[in-house]
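Here is the structure we will look at.
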Amino acid sequence: MFKFLRLLVLIGGVLINLPGHATSQISLLDVVEALQAKGHRFLYSSDLVSDQVSVQVDEISIRALQIALPQVALKMKRVGLLWVVTTADTAKHKVSGYLLSLDGDPIKEAIIQVAGGNQVVHSRHDGYFEIVPGSENEKLEFRAPGFQKQVLSIQMAQESPVILLPNSWIESMIVTGSRYRLPLQKDFTSTLYLSADEMQLVPALGGDSLRVVTTLPGVSSVGVSAKPRIRGGLQDELLVLLDGVELIEPFHLSDFQSVFSTIDDRTIDSVDFYTGGFPARYGNRMSGVMDISTAMPISEPQTEVGLSLFSSFINTRGYDDKGIPKDWILSLRRGNLADLSNITSSDWGEPKYLDAFARMGLTLSDKSNLYFGAVAVVDDVRLNNDEEKAASKIDTVHLWSRFDHQINDSLYTAFVFSLLENEREQTQRIIPEANDINEPDPEVPGFLDYQQSIQRVALRNDYSLVFDSNQFEFGLQIEYVRGDYDYQSKIDRGFLGELLGGEQQVTGNSDLDVEGWSGGIYASAQVSVNSKLTLQPGIRWDFQDYSNVEFTEHASPRVGLLYDLSQNINLRASIGRFYQPQAMNELQVVDGINHFFEPQKSDQAIVSLEWESERLQFRAEAYYKRYRDQKPRFENLFNTFVLLPQMEPDRIMLKPEKGLVKGFEIESRMDLTDQLSGQIRYGYMNAKDRINGRWVPRRWSQRHTAHAGLFWRQDDFNFSVGMSWHTGWRSSVLPASLALDDTLALEKIINNKELKNYFSVDISASKTWLIGKTSITLHADVINLLGRNNIAGLEYDIDERGERVFLNPNKKKVLPLAPSIGVIISF
């Protein structure tokens, strides 16, 4: 009671003595206790916060305390529901701070050790630790039962508090090469990562930060699509997860190059992006994984409102520690584009998109958390001109719940239950006069009507176990899926269709209902053989049992190793088998295929060498991918940048007998000054298929790729410039003229021409003004600053003269100079 009265007197006295926000000298301990009485939670050492330390404040508030703490060489930051007070400056070589869990709870009796040395200290009951390394170039190891081991540089360890991640985020992936972490907040775990600033600073079309993955080594791009082609693979070889839930159609305008991501990047905490050799917990895709995690837990209440040329959005986040502690994120974005023709050099018509995201987390206990989430995506693209009318509409809804539980100090489990509803409609008319686009008419020259409906119920359960320096993961997933398809078409492919060995007139009529089960189990381990060698064996077993295909099962073993050649040099290697069955939404009905194919198979080997110093990182990696049992696929021979490619005359089916991709990548990152950093990347890739006994390069096989970037960060102003160059995508060049009855062997002409080299200079800048508790950020991006005419394909004009046909190619340009400007208000 006495303490409570003392706090009332303290708060009242401060308010009386500070009229008009006059500054007053007051005990730091009194300020902290007054804020605690208001409901704020603090973590501090009595050595730092006491009644012997005084500060000048103009009011009792968190903001005033943040401003006052540097007066006494202290600072504080938000971690979960806690405010952590620590020293602003440490003595030379001395590292001190707090060791916390993700929930902000102190971790006591943890081991803090200089890497490779004998000096060991333990954290106190409040998580506080102190250690004096021999030099600033050494690294510190942090270990505690039930948590993942962290290895941090002195510089990172000084940025207290140090967060240990639970076993659910076991870093078994460190053995595997080809992994990038793209955090929007500070990342404490990744051995190779893009910094938070880089994620936000990389120039991106429409300000879509997730497009940064298209600048990574081994990713083929001509600047339009946000959906990456990874190391020679097809775009459908990418697995996208959000908080453990597999997403379908995670990119807007997916019927036209998947231009934007469907997740508001300002709600994301981190993205783990794998370009090969991913661990056994990930299955059913062959080339890459994009594992997205939203912010958990919420560290600061905040609302943002943004407006740009491309989109408008609002998102809000907050937390409540009364009763059952809870936090939440809500986000809504709407596309502002009436016409994208100035960006893609194509007549798009009216592309519209909308996405919404919601997630709530409940802290049931210090060992259990429950989350609920939802994503809704709407795409609507319409085209009207004198020759055709077309429409593409896609509605997708994901609902899920996730339960995380720490069973004991060594064992952790996570359950994820999810529901999916996906509706898709495609309509196109080739007509000489006006006609209702929603009324099929078999008398028009050409039409396509397609409706698809997918429902999915899925359950995933993962476990992770840690003992000593070894880790073990295992889990299962199972899903029931139903798909309904209704398709009608009449397509006139004309002279080109017949020339390429197909039919001039193609008709289709399908009405299918498919349902079935799929799933799998996996197990992997991370075993420390000795202080230098770590092994990661793993295996998956998956099955698929749909109503119109035979039961299939397959096992995919994988193994990786990590060898520390020295303190700063690591050698990584992995080899494994990866299977990819067709998902329910991937049935190729619009191309006349009414059944699923056997799972595709890829064997991959990767070896990489990494070197790291305080200001410089370097990585060199070589990879080899061999494809077997590839399903037939459909491509447009000359130009892929069309609204509905199935209607085009150059649509062809490829039946590769096998595929082969090999290449290597070199990457360097450097911190030139405290404000200026840079990166340089180079990649070589050769991707090809064997078709009718002949090796044919894949269209997107960019033999040489180079990317360079500079990033300037200083307080409230950021600026970056990026330069991308690669050898051109491939296309198919036909003879200048042909006889009317000629045909061409497809394997001899497909992708026989390398187009003009691609080059783009992109810039991004942002400036922030702070007005009270509100910040206003003005940002701008310019893509293809020099306005270079980059070529992505060809189209042919056909001129019939007597017994011969003359073919005149036209180059299709993409992405001219594309500026974007916007404003974000945060409060």
Side-chain angles (χ1 to χ4, degrees), residues 178-184 186-187 190 192-226 228 230 261 265 268 270-271 273 275 290 610-621 664-685 702 704-715 717-727 757-767 779-788 790 815 817-820:
S178 312
R179 173 176 181 259
Y180 303 83
R181 171 159 283 179
L182 318 175
L184 290 180
K186 183 180 175 183
D187 177 23
S190 178
L192 180 62
Y193 63 91
L194 299 178
S195 70
D197 288 339
E198 183 178 355
M199 180 74 176
Q200 297 171 353
L201 282 176
V202 170
L205 180 65
D208 185 0
S209 294
L210 281 178
R211 294 177 63 95
V212 66
V213 300
T214 63
T215 69
L216 294 174
V219 177
S220 300
S221 172
V222 289
V224 176
S225 179
I230 301 169
S261 62
D265 55 288
I268 295 174
S270 66
V271 179
F273 184 64
T275 57
M290 186 184 293
E610 300 171 359
W611 176 81
E612 179 181 1
S613 67
E614 183 177 355
R615 287 188 173 270
L616 180 65
Q617 295 178 342
F618 175 83
R619 179 182 68 92
E621 183 162 299
F664 66 88
E665 301 160 0
I666 298 174
E667 179 179 27
S668 179
R669 309 164 186 268
M670 65 289 292
D671 293 324
L672 303 174
T673 68
D674 291 340
Q675 292 79 32
L676 183 64
S677 63
Q679 62 185 25
I680 300 174
R681 297 171 177 146
Y682 168 77
Y684 168 86
M685 178 176 62
Q702 297 171 179
H704 302 283
T705 303
H707 178 82
L710 284 174
F711 309 92
W712 175 269
R713 320 160 181 82
Q714 187 168 21
D715 300 328
F717 178 74
N718 296 317
F719 178 80
S720 64
V721 57
M723 293 174 286
S724 298
W725 173 91
H726 61 73
T727 49
N757 292 345
Y758 175 94
F759 180 68
S760 180
V761 176
D762 312 319
I763 61 173
S764 176
S766 66
K767 169 71 175 178
H779 61 88
D781 294 88
V782 180
I783 306 303
N784 195 11
L785 177 66
L786 303 181
R788 179 180 171 89
N790 290 309
L815 208 66
L817 187 148
S820 175

Any chance you could lay out the side chain to side chain contact (heavy atoms under 4.5 Å, CB included) test for W712 and V721, step after step, and finish with the verdict?
-> CA-CA 9 Å; W712 175 269; V721 57; over 6 Å; no
Would you check, one step at a time, whether the test side chain to side chain contact (heavy atoms under 4.5 Å, CB included) holds for T215 with R681?
-> CA-CA 9 Å; T215 69; R681 297 171 177 146; 3.4 Å; yes
Would S221 and R211 satisfy side chain to side chain contact (heavy atoms under 4.5 Å, CB included), going step by step from the backbone distance to the final call?
-> CA-CA 10 Å; S221 172; R211 294 177 63 95; 5.7 Å; no
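In this structure Y684 satisfies the ring pair (Phe, Tyr, Trp, His ring centres under 6.0 Å) test together with F664, H704, sequence neighbours excluded.
The shortest side-chain heavy-atom distance between T275 and F273 falls under the 4.5 Å cut-off. Looking at heavy atoms from C-beta onward, P217 lies out of side-chain contact with E621 at the 4.5 angstrom threshold. Taking the side chain as every heavy atom from C-beta outward, H707 and H726 never approach each other to under 4.5 Å.
Taking all atoms of both residues into account, the shortest heavy-atom contact from N757 to R788 is O-NH2, 2.8 Å. Pairing each heavy atom of M685 with each of Q702, the nearest pair is CE-N, 3.6 Å. Across every non-hydrogen atom of S261 and A226, the tightest pair is N-CB, 4.3 Å. When all heavy atoms of V219 and T214 are compared, the pair lying nearest together is CG1-CA, 3.7 Å. Between Y758 and V222, the shortest heavy-atom contact is CE1-O, 3.4 Å. The shortest non-hydrogen separation linking P203 to G722 is CG-N, 4.3 Å.
Put simply, CE on M670 and CZ on F618 are 10.5 Å apart, with the number rounded to the nearest 0.5 Å. Once rounded to the nearest 0.5 Å, the distance linking CG of D762 with CG of L817 reads 9.5 Å. Distance check, rounded to the nearest 0.5 Å: CG of L672 to CZ of F711 gives 11.0 Å. To the nearest 0.5 Å, atom CG of residue L786 and atom OG of residue S760 are 8.0 Å apart. A distance of 11.5 Å separates CG in L815 from OG in S225, rounded to the nearest 0.5 Å. In this structure, OG on S766 lies 4.0 Å from CG on N718, to the nearest 0.5 angstrom.
Using modelled atom types, one finds no donor on one side chain facing an acceptor on the other under 3.5 Å when comparing R619 with Q617.
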